[in-house]
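Reviewing the structure listed below.
We name chains A, B, ... by the order of the sequence lines, and we start the count at 1 in each one.
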There are 2 protein chains.
Amino acid sequence: MDLEAYFLKTLQASGITWGLGDDGVLLPPFKRAVIALDIFAQNVHFKPEWLGFERIGYKAMVVNISDMIAMNATPTHALLGVSLDRHMDKSAIRALVAGFKRACEEFKIRIVGGDTTVGDRLHLSITMLGRARKLLERKGARLGDLIAHTGTLGQSYKALQTLLRGGKVSPKNKFITPYLKHARFITGARQFLHAGLDISDGLLSECNRLSAINRLAFKLHKPRTRAYKSGEEYEMLFCFAPKDYLAMSRRARAHRVRLSVVGRVCRGRSRYRALVWHTA
Amino acid sequence: MDLEAYFLKTLQASGITWGLGDDGVLLPPFKRAVIALDIFAQNVHFKPEWLGFERIGYKAMVVNISDMIAMNATPTHALLGVSLDRHMDKSAIRALVAGFKRACEEFKIRIVGGDTTVGDRLHLSITMLGRARKLLERKGARLGDLIAHTGTLGQSYKALQTLLRGGKVSPKNKFITPYLKHARFITGARQFLHAGLDISDGLLSECNRLSAINRLAFKLHKPRTRAYKSGEEYEMLFCFAPKDYLAMSRRARAHRVRLSVVGRVCRGRSRYRALVWHTA
């Protein structure tokens, strides 16, 4: 049984939720505030020896910042839910905080609260708040749209395979040091984008999500591409009208972002066989 | 070494935080929005067999709602960070959601987002958003203020001792089924309150906190009272001017809240020997 799926189904059936479709949500009572929460947990998303504590702190923040950028929001404040592993020493804690700090300084974020406990695993759950300009959501795809993604995909999958085999991965690999280079591009291209999200569970998985929420097929030209299974890529997946292809290409070039058109929005439903990405 | 304390010290020294003194924070860019995050984790705050999953879901929400009420804010939205235990079955998940639902309905809260993973422990981190009327903070105590708390204290301590010895506790005990009866009283009495917080780690612990943040002593008449060590009480601790004692008593009676004056704010610093409450 897929516990996660069952939990979400039960939660949605309970009638106490509102707008769970996107990574974040725009809160109507609080003008232009977008909020999102992401968990980054030992033995689910990482093993400490893979990343080291500085990069764990940094990546935990980036996972959340990516959600904000994917919605065309600017992250501003964070709350940290930190369950420390009681075997961590002072230098591990300093490294963890240094990682938080690197991300906070790079993206101009303030930590404004949270909670700390001590247990037997490092478990980070970060709530990110941001301000929305013109929100980009998962819903909004139109029949005939082009499907495209930023950057290159596949690095994280390769790195994870190597690490699981006990091998070593370059610290420059995206799985170890994720980067988010497309924030300004998304804002600049927002007027053309109909729907979008960040690739956290792999392109195939995200296409399934977009398909379900938009009730349209997200037909890929080469659905068997191995890189499409790769999660934690933190590139953007979105769709836009074919007539805007030239304008999109120009903006991508201007922001030094690689843009790849990989499919088309059609009638029907897509159900690609995707990986369950959490496999640390 | 107290890992939690060291983490907080390092975090504060990093220069990336803002206003970490209270349980929640009023976010200036988002008008009247208050936000707080609390962790409720297996083997730290509870064992599943103590509470059952419905009460775990309920209590995890109440812990957070208490933070809001303590700041004189009305909780409105929640984000759930849920790490499920892979050994949970469907009925456990339904019970957990039923507990969330009970709290959401009782306090009129909507769940608007979050993240779910599966690991080897149930670990809940909930972010609560609320609207502030006139915010009540930890800072603001004045020399000569009376120190008072709502309700009765000690039940949770007794229950925890019994459970740790393998005994049974009535489901009506506050540790099993916490209740928050003072929300309207706090709002009604807000004009008289100088500073306050909810008693989550025991009255002595909270007095130490208020003392540190206000740079004043929180002198208790009977500091050796055993009930003052009891955490997870979710009653309110606050201070107000002696001249307002009558008005406070009247409001307490009107809202059927028990009000106990237990000490006085003096010059100096208080450092009571408190329990570290997380002992599940």
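Between atom CG of residue A/Asp38 and atom CG of residue B/Leu79 there is a gap of 10.5 Å, rounded to the nearest 0.5 Å. Here B/Thr127 contributes atom OG1 and A/Asp115 contributes atom CG; the two are 10.0 Å apart, rounded to the nearest 0.5 Å.
Residue pairs that meet the salt bridge (Lys or Arg N to Asp or Glu O under 4.0 Å) test with at least one member in residues 116-129 of chain A, sequence neighbours left out, are A/Asp120-B/Arg121, A/Arg121-B/Asp120.
Applying the ring-ring contact (aromatic ring centres under 6.0 Å, His included) test to A/Phe40 and every residue at least two apart in sequence or in another chain returns A/His45, A/Phe46.
Heavy atoms of A/Asn64 lying under 4.5 Å from chain B are absent altogether. A/Leu80 touches chain B through backbone and side chain together, each having a heavy atom under 4.5 Å away. In this structure, chain B has a heavy atom under 4.5 Å from the side chain of A/Leu84, while its backbone stays farther away.
Partner of B/Tyr6 under the side chain to side chain contact (heavy atoms under 4.5 Å, CB included) criterion, out of A/Thr116, A/Ile93, A/Asp89: A/Ile93 alone.
Within the 4.5 Å cutoff, no side-chain heavy atoms of B/Ser83 are placed close to those of A/Val44.
Closest approach of B/Leu129 to A/Ile35, counting heavy atoms only: CD1-CD1, 3.2 Å.
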